[in-house]
Amino acid sequence: MCGIVGFVDRSNTTQKEQVIKEMMDTIVHRGPNSSGQFIDEGVALGFRRLSIIDLEGGSQPIYNEDETKIITFNGEIYNYQSIREDLIAKGHIFRTHADTEVLLHGYEEYGVDLLQKIRGMFAFVIWDTEKQELFGARDHFGIKPLYYTQMNGTFMYGSEIKSFLKHPNFVKELNKEALKPYMTFQYSALDETFFKNVYRIKEGHYFIYKDGKLKIEQYWDVNEKETGLTLEETVDLIDKTVISSVEAHRIADVEVGSFLSSGVDSSYVTAVLRPEHSYSIGFGDKTYNESVEAKKLAELIDLNNTSRVVTGDEAFDYFPLIQYHLDEPDSNPSCVPLYFLAELASRDVRVALSGEGADELFAGYQAYGMNTNSKMVKVVAEGLKKLPKDMRYKIGRGLKGKSFRGALHLYTSLAPAEDFFIGQAKVFEEEEAVDYLQPTYQSSPSVKDIVQVHYDQVQDMSEIKKMQYLDMHQWMPKDILLKADKLSMASSLEVRVPLLDKELMKVSEQVPTKYLINAENTKYAFRQAAARHLPEEWYNREKLGFPVPIKDWLREEKYYKIIRNLFEQEFVKEFFDQERILKLLDDNFEGTADGRRKIWTIYTFLTWYQVYFVNNGEKPVPVPTNVA
């Protein structure tokens, strides 16, 4: 695991050396073990290393045999050994045992087809000194981040946007179109980031930059091919592939631990991995303390577990630093415990396995169509799903807005996904966001515009698989995976996600919809596979996510005052109707309304803006809470 930065322009070598060093220093947390760089007349490549595989010989940049191609790489390739053997048989000479060099020689041998062969998480670039051409790619799911911008004759790329701030040709400007969608989605929902003219390389895409021209192409996407597998066959296939994936993801020359929550996903991974160390986090109140349940499981299956409790004071003290590390505002409350969980694990290990991905691959979210506890309503819904599509849609749309028991479940089970589903978060209604925002920030692509691009690709799929597809291209890369990468690397910890794997995706594509969600549960077949390793209390447990007590915090006077103090700042008027957001906060504090998610979303954006614009992107130093 590492961090990469670089730029292409014709500035002189001395200038390049100073700039690339400053860019690398900004992401030193991603690679505290060593650094490296390459500079010529066309490019500067920078690299920070966290040593995981080939501890002595894996330093970067790495060169091919005649030193005409140079690579820097962030991530892990889990099948690199078999590809390495093929490349050696084809005559390639290796100087290291690192997976990085496999990518370099693989690109020489296979070209872009290399991306079809590799299994892993990655963001890498290869500079061709002869062609003066830069090739780069991001992994299938977007596990590893990769950003780019073109400004003032310079093409820049990097693992984190904050490194761009050190380049003299970078112009820092807020992307005004990003704020309104963020208010609804809770994360940066556009392809252009919150920084004007800074973009992500999308998941499953590669780029080529040459002679001032950028070409971006997709090399991979979900390929649904639902089969007629029986339940037993489906469960066998899932479990076999999960075990294989965990084995592949444990390969390292350092100790590998795991995150452990009260949910089925991380519990399944941990039970298969059986690491020396597992880690859990919680908050003081029993309602919000997942570490208690995690410890119970660890004792049941005889594993070591280290846990800690995070206080509200710690959460608020470190919140500006959390937003700094994220690069863009993300009001997912789980960012807070994830930051502290990674820091806890980093005290002992350099690598931890986590459970991200199973909900998207195997339909674990209640929003996919599990909106009732009534068994009878669920059974009726399953029966109606068998109706012809047109009839099903007509019945579903007729249920919109109805309030009888089970109406919401029936509506979301029968109506087309496009009518109601935008992903796993919906904070402000779009029209409501406009009411809170100043006119300058009311224009942006609509929520429908953002999601319809993805729905257009999957019109022939079942409604559940449509929703999964949308989450795979919005929620997962722009929220779930982004925070997992940034907040673990903040503590120089590599997080691997064996349930979000190329081979497991091939299994997911085959699973019959009826084994994803049915009258029994969400993620039904996956849970049956997990049952082979876990007690029923765990494999059948309702999904909680990372429970965070923001409801309690926002009604506690000292935290209410911290947020009110921020909401009262003069710069806030630039974005929001200040009286309106203060009333939202006050009403929530007094208990006359529940505006916690909306308040947290506004608070998150303002904290992030203060870090990157008011304080010019300087890394915050946590200050103990002290409010009179």
Side-chain angles (χ1 to χ4, degrees), residues 5-9 11 15 19-20 22-23 25-27 44 145-202 207 209 212-214 216 320-331 433-434 436-446 449-450 478 482 486 566 569-578 601-620:
V5 295
F7 56 93
V8 181
D9 68 20
S11 58
Q15 284 178 307
V19 172
I20 199 68
E22 290 184 11
M23 293 176 76
D25 288 348
T26 308
I27 59 166
L146 186 58
Y147 301 94
Y148 73 92
T149 186
Q150 299 179 81
M151 290 184 180
N152 298 312
T154 298
F155 175 81
M156 302 171 215
Y157 69 86
S159 301
E160 299 190 10
I161 301 172
K162 60 180 68 67
S163 66
F164 297 169
L165 274 59
K166 300 300 182 180
H167 199 290
N169 287 345
F170 183 74
V171 178
K172 185 180 68 176
E173 181 182 350
L174 183 70
N175 175 16
K176 293 182 178 180
E177 289 191 347
L179 182 53
K180 188 174 75 140
Y182 160 81
M183 297 276 282
T184 295
F185 287 97
Q186 88 174 9
Y187 57 84
S188 178
L190 306 177
D191 293 329
E192 185 179 16
T193 70
F194 262 85
F195 292 89
K196 186 73 175 166
N197 297 317
V198 176
Y199 297 84
R200 304 171 189 86
I201 295 293
K202 294 181 191 177
F207 74 86
Y209 183 80
K213 295 178 181 177
L214 178 67
I216 300 176
L321 182 61
I322 290 170
Q323 293 304 316
Y324 167 82
H325 279 294
L326 287 166
D327 276 340
E328 299 185 81
D330 187 337
S331 71
V434 170
Y436 279 87
L437 289 167
Q438 296 291 3
T440 311
Y441 294 89
Q442 292 176 4
S443 297
S444 69
S446 70
D449 289 340
I450 292 167
K478 295 176 181 175
L482 184 143
K486 299 286 183 65
L566 181 58
Q569 297 296 310
E570 187 66 24
F571 78 88
V572 173
K573 296 176 183 176
E574 159 78 13
F575 309 106
F576 298 105
D577 180 331
Q578 197 166 39
T601 297
I602 295 170
Y603 173 61
T604 297
F605 168 75
L606 293 174
T607 300
W608 169 84
Y609 184 84
Q610 199 169 41
V611 168
Y612 275 100
F613 287 84
V614 177
N615 297 331
N616 205 31
E618 293 300 315
K619 185 177 180 179

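Just so you know, residue 1 is the first one in the sequence shown, and it goes up from there.
Atom-to-atom distance recorded for Leu190:CG and Lys478:NZ is 7.0 Å, nearest 0.5 angstrom. Residue Leu214 holds its CG atom at 8.0 Å from OH of Tyr209, rounded to the nearest 0.5 Å. To the nearest 0.5 Å, atom CG of residue Leu174 and atom CG of residue Leu179 are 7.5 Å apart. The CD atom of Gln150 sits 9.5 Å away from the CG atom of Asn197 when rounded to the nearest 0.5 Å. Between the CG atom in Leu146 and the NZ atom in Lys202 there is a gap of 14.0 Å [rounded to 0.5 Å]. One finds the CG atom of Asp327 at 10.0 Å from the OG atom of Ser159 (value rounded to the nearest 0.5 Å).
In plain terms, the two heavy atoms of Ile450 and Pro445 that are nearest each other are CD1-O, 4.1 Å. Ser188 and Glu192 make their closest contact through OG-O, 4.4 Å (heavy atoms, listed as atom of the first residue, atom of the second, distance). Nearest heavy atom pair, residue Gly617 against residue Leu165, reads CA-CD2, 4.1 Å. Summarising the geometry of Pro181 relative to Ala189, their closest heavy-atom pair is CB-CB, 4.2 Å, with the distance given to 0.1 Å.
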| message | Working note: Tyr436 + Asp577, criterion side-chain contact (heavy atoms from CB on, under 4.5 Å); need CA distance, chi angles, decisive distance, verdict. | response | CA-CA 5 Å; Tyr436 279 87; Asp577 180 331; 5.7 Å; no

| Steps toward side-chain contact (heavy atoms from CB on, under 4.5 Å) verdict (Phe164, Val171) | CA-CA 9 Å; Phe164 297 169; Val171 178; over 6 Å; no

| Test ring-ring contact (aromatic ring centres under 6.0 Å, His included) applied to Phe207 and Phe155, step by step | CA-CA 12 Å; Phe207 74 86; Phe155 175 81; 5.7 Å; yes

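The side-chain hydrogen bond (donor to acceptor under 3.5 Å, both in side chains) test with Glu328 is passed by exactly one of Lys486, Arg200, Gln323: Arg200. If you run side-chain contact (heavy atoms from CB on, under 4.5 Å) between Asp9 and each of Asn169, Val19, Asn152, only Asn169 comes through. Of the candidates Leu326, Val5, Thr26, Ile27, Ile27 is the only one forming a side-chain contact (heavy atoms from CB on, under 4.5 Å) with Glu160.
In this structure, the side chains of Leu606 and Phe571 come closer than 4.5 Å at one or more pairs of heavy atoms. With contacts defined as side-chain heavy-atom distances shorter than 4.5 Å, the pair Phe7/Met23 qualifies. Between Trp608 and Tyr182 the shortest side-chain heavy-atom distance does not fall below 4.5 Å.
Here the two rings, on Tyr147 and Phe195, have centers that are 6.0 Å apart or farther. In this structure, Tyr148 has its ring center at least 6.0 angstrom away from the ring center of Tyr157. Ring-centre distance between Phe575 and Phe605: below the 6.0 Å cut-off.
Classification of Lys573 and Glu570 as a salt-bridged pair holds, one side-chain N sitting under 4.0 Å from a carboxylate O.
Proximity of a side-chain donor or acceptor of Gln438 to a complementary backbone N or O of Phe576 within less than 3.5 Å is detected. Panel note: side chain Thr193, backbone Val198; a donor-acceptor pair is recorded below 3.5 Å. Judged purely by atom type and a 3.5 angstrom limit, Lys180 has no side-chain atom pairing as donor or acceptor with the backbone of Ala433. Remark: side-chain polar atoms of Asn175 are paired, donor with acceptor, to backbone N or O of Glu177 under 3.5 angstrom.
Contacts of Lys619 classified as salt bridge (Lys or Arg N to Asp or Glu O under 4.0 Å), with partners at least two apart in sequence or in another chain: none.
The cationic group of Lys172 does not satisfy the cation-pi geometry with Tyr612, failing either the under 6.0 Å distance to the six-membered ring centre or the 45° limit from the ring axis.
Under the 3.5 Å distance criterion, with hydrogens and angles disregarded, a donor-acceptor pair is assigned to the side chains of Thr601 and Ser331.
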